[in-house]
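In what follows, every heavy atom counts, from backbone to side chain, and hydrogens, waters and symmetry copies are set aside. All of these numbers come straight from a predicted model, not from anything done at the bench.
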Amino acid sequence: MGIFKHNDGLKIKSRTNTTASVTVSPTNPNYVTLGPIAHTLTVDQLVQQLGTNQTNGLTKNEAARRLETCGANLLNGDDGVSAVEVLIKQLANALTLVLLAALALSFGVKDWIEGGLYRVGFFQEYRAEKTMDSLRQLSSPTALVIRNGESMAIPARDVVPGDVVMLKTGDVISAD
């Protein structure tokens, strides 16, 4: 009756079909080589190189494919803090070598208190590194991207090459 009436003039402008993956192939599928030259390209050239759309961004399927291909947006080498690393960093510093000589001299003349104070620097730096590591783990950065023409907040680790990232004043940039 009136509910299932066919209307040819009806145009639905909704983007609910996210399974369709219609994307433009990137002209440069090796995204790593774009980094050093991206600032020299025009916006249109960069969009073409990345195979994205300036207004609609990537499709959800294409973003998932790129996440699988390129991997998560994470920095390498963030395995935590070890006491050995802190000690090696301190030994590589010339001022620390002078302090070590003063430590040896203090212990040589049996000035135990002053000699013990030189070791405090190591423990302070180690504790500071542990605190910074804990703070990094507490924060869960997100990015506001455009995918399928809709803005959405995603974890920063899920940002992929070709994502259109929306920034406002004070935002942390969640991509390299």
Side-chain angles (χ1 to χ4, degrees), residues 11-97 122 125-176:
K11 291 186 180 181
I12 300 175
K13 296 192 182 222
S14 128
R15 297 183 178 270
T16 57
N17 183 6
T18 59
T19 59
S21 181
V22 180
T23 58
V24 178
S25 296
T27 56
N28 184 2
N30 185 4
Y31 305 112
V32 176
T33 61
L34 274 177
I37 63 165
H39 67 284
T40 63
L41 302 173
T42 66
V43 173
D44 291 333
Q45 289 172 329
L46 187 60
V47 165
Q48 184 180 13
Q49 291 277 322
L50 289 170
T52 189
N53 185 302
Q54 194 171 342
T55 54
N56 292 332
L58 296 172
T59 64
K60 290 180 183 179
N61 288 343
E62 179 63 16
R65 188 190 68 75
R66 290 184 187 194
L67 183 62
E68 186 177 311
T69 304
C70 301
N73 180 32
L74 297 172
L75 294 175
N76 294 334
D78 195 25
D79 298 335
V81 180
S82 75
V84 175
E85 288 178 17
V86 172
L87 184 63
I88 290 172
K89 281 185 205 173
Q90 284 193 344
L91 288 176
N93 187 346
L95 180 60
T96 304
L97 294 176
F122 165 77
E125 184 172 344
Y126 180 69
R127 275 191 270 160
E129 290 286 336
K130 289 296 254 185
T131 302
M132 288 302 296
D133 198 30
S134 298
L135 288 174
R136 271 187 232 110
Q137 290 175 357
L138 283 177
S139 70
S140 57
T142 59
L144 193 61
V145 298
I146 300 175
R147 289 194 179 159
N148 284 17
E150 301 171 352
S151 63
M152 59 179 60
I154 62 169
R157 69 178 179 275
D158 293 342
V159 173
V160 295
D163 262 333
V164 178
V165 180
M166 297 171 36
L167 299 173
K168 60 182 182 286
T169 305
D171 279 354
V172 175
I173 298 177
S174 55
D176 298 331

Let me know which of Leu58, Leu34, Asp163, Leu41 forms a side chain to side chain contact (heavy atoms under 4.5 Å, CB included) with Leu50. Leu34
Looking only at heavy atoms, the pair that brings Ile37 and Thr40 closest together is O-OG1, 2.6 Å
Just checking Arg157: does its CZ atom have more than 12 heavy atoms from other residues, nucleotides or ligands closer to it than 6.0 angstrom? no
Heavy-atom closest pair (Ala72 atom, Leu67 atom, distance to 0.1 Å) is CA-CD1, 3.9 Å
Give the intermediate values and the outcome of side-chain contact (heavy atoms from CB on, under 4.5 Å) for residues Gln54 and Asp44. CA-CA 8 Å; Gln54 194 171 342; Asp44 291 333; 3.8 Å; yes
Short question: side chain of Arg147, backbone of Met152 - any donor-acceptor pair under 3.5 Å? no
Between Asn73 and Val159 the two heavy atoms that sit nearest each other are CB-O, 3.5 Å
Please confirm whether the backbone N or O of Thr59 pairs with a side-chain atom of Glu62, one donor and one acceptor, at under 3.5 Å? no
Side chain to side chain contact (heavy atoms under 4.5 Å, CB included) with Val165: which of Ile173, Ile154, Val145? Val145
What one should report as the nearest heavy-atom pair of Pro161 and Arg66 is O-NH1, 2.7 Å
